[in-house]
Amino acid sequence: MTSNRHLAPSPRTRVRRLPDRAHYDAATVAAILDEALSCSIAFQWEGSVHAMTTAHWREGDHLYVHGAKAARMMKALAAGQACVTVSLIDGLVMARSGFNHSMNYRAVVAYGQFEPVEARADKLRHLEAFIEKLAPGRWAQLRPATTKELNATTVLRLPLSEASAKIRAWGAKDDTDDLAWPVWAGVVPLALTRGVPQTDPQSAVATPPANLA
């Protein structure tokens with residue numbers, strides 16, 4: 001990923017609509033990818049276009065996904081170009097006109113071709129990183145993965161050399177003539193939060209660990 005705030009890494013990653021919201025630095029892209037739990041991936045397969053949502057994680061300058069070895073998406077991503085999108089909605093922007101309503105958001109778009117992770121040790125290491133993103137310390141608590149499970153799982157990674165971010169993080173921007181209109185204007189913050197863990201009735205451990213709180 002490029003480290004320049006204003007320099008797009010490629011023509012297709014350059015933000016054309018509202019370019020003042022663009023961020024091309026690696027740190028901004030990484031922070032959004034790390035906070036998001038899922039992404040949407042668009043790809044072509046057998047003459048048709050598809051877009052699917054899946055969990056993802058990031059390690060260094062690569063984005064990782066995993067799935068069943070027989071899955072159509074896994075085969076397609078390893079065979080051709082893809083577009084990955086991630087969106088975090090941070091607030092509803094309530095303006096004085098319907099036209100000027102908006103949302104505060106942080107989004108990432110990345111292009112490229114995924115490559116498979118083949119070595120057993122590498123697959124294990126990257127799958128561990130995925131679980132640790134969800135709950136730090138949990139991998140060590142789990143039943144070890146079996147050879148059958150690893151053989152049935154595909155792990156793919158996408159270089160983040162073509163990625164850009166777009167961010168809106170401010171209040172309503174109304175026309176001057178609308179400022180006195182008698183309606184509330186402002187931002188309604190939104191956030192994804194963890195709820196109280198719900199123990200499986202057959203769980204051998206009754207009390208949820210602290211890393212899931």
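- At a threshold of 4.5 Å between non-hydrogen side-chain atoms, the residues Arg14 and Arg16 count as touching.
- Annotation: the span from Leu212 atom CG to Arg194 atom CZ amounts to 6.5 Å, rounded to 0.5 Å.
- At least one side-chain heavy atom of Asp174 sits less than 4.5 Å from a side-chain heavy atom of Ser97.
- Test Leu158, Val117, Leu127 against Tyr64 for side-chain contact (heavy atoms from CB on, under 4.5 Å) and you get one pass: Val117.
- The 12-atom threshold is exceeded at CH2 of Trp170, counting heavy atoms of other residues, nucleotides or ligands nearer than 6.0 Å.
- Under a 3.5 Å cut-off, the side chain of Thr28 and the backbone N or O of Asp25 do not form any donor-acceptor pair.
- A donor-acceptor pair under 3.5 Å is absent between the side-chain atoms of Arg157 and the main chain of Val155, judged by distance alone.
- When side chains are defined from C-beta on, Val205 does not count as touching Thr199, because their heavy atoms never get closer than 4.5 Å.
- Leu18 has its side chain out of reach of Arg168: every pair of non-hydrogen atoms, C-beta onward, lies at least 4.5 Å apart.
- Between the side chain of Lys123 and the backbone N or O of Leu150 there is at least one donor-acceptor pair closer than 3.5 Å.
- Annotation: the span from Leu63 atom CG to Asp34 atom CG amounts to 10.0 Å, rounded to 0.5 Å.
- Atom CZ of Phe43 sits about 8.0 Å away from atom CE of Met74, to the nearest 0.5 Å.
- At a threshold of 4.5 Å between non-hydrogen side-chain atoms, the residues Met73 and Leu77 count as touching.
- Ser102 places no side-chain N or O within donor-acceptor distance of the main-chain N or O of Val93, the cut-off being under 3.5 Å.
- Judged by distance alone, the side chain of Arg58 and the main-chain N or O of Gly60 form a donor-acceptor pair under 3.5 Å.
- In this structure the side chain of Val65 never reaches within 4.5 angstrom of the side chain of Val84, judged on heavy atoms.
- Summarising the geometry, atom CD1 belonging to Ile89 is positioned 9.0 Å from atom CG belonging to Asn104; distances are rounded to the nearest 0.5 Å.
- A donor-acceptor distance shorter than 3.5 angstrom exists from the side chain of Trp57 to the backbone of His126, with no hydrogens or angles considered.
- Annotation for Gly91 and Val187: closest pair CA-CG1, 4.3 Å, computed over non-hydrogen atoms.
- Separation of atoms OG (Ser40) and NE2 (His56) is listed at 10.5 Å; rounding is to 0.5 Å.
- Between His50 atom NE2 and Arg72 atom CZ the span is 4.5 Å, to the nearest 0.5 Å.
- With a 4.5 Å cut-off on side-chain heavy atoms, Phe114 and Ile41 count as touching.
- Here the side chains of Met94 and His101 are in contact, with some heavy-atom distance below 4.5 Å.
- Under the 30°/60° scheme for interplanar angles, the aromatic rings of His66 and Phe130 are found to be tilted.
- Surrounding CG of Leu192 are at most 12 heavy atoms belonging to other residues, nucleotides or ligands under 6.0 Å away.
- Within a 6.0 Å sphere centred on CD of Glu149, other residues, nucleotides and ligands contribute more than 12 heavy atoms.
- Distance alone, capped at 3.5 Å, places no donor-acceptor pair between the Glu115 side chain and the Leu156 backbone.
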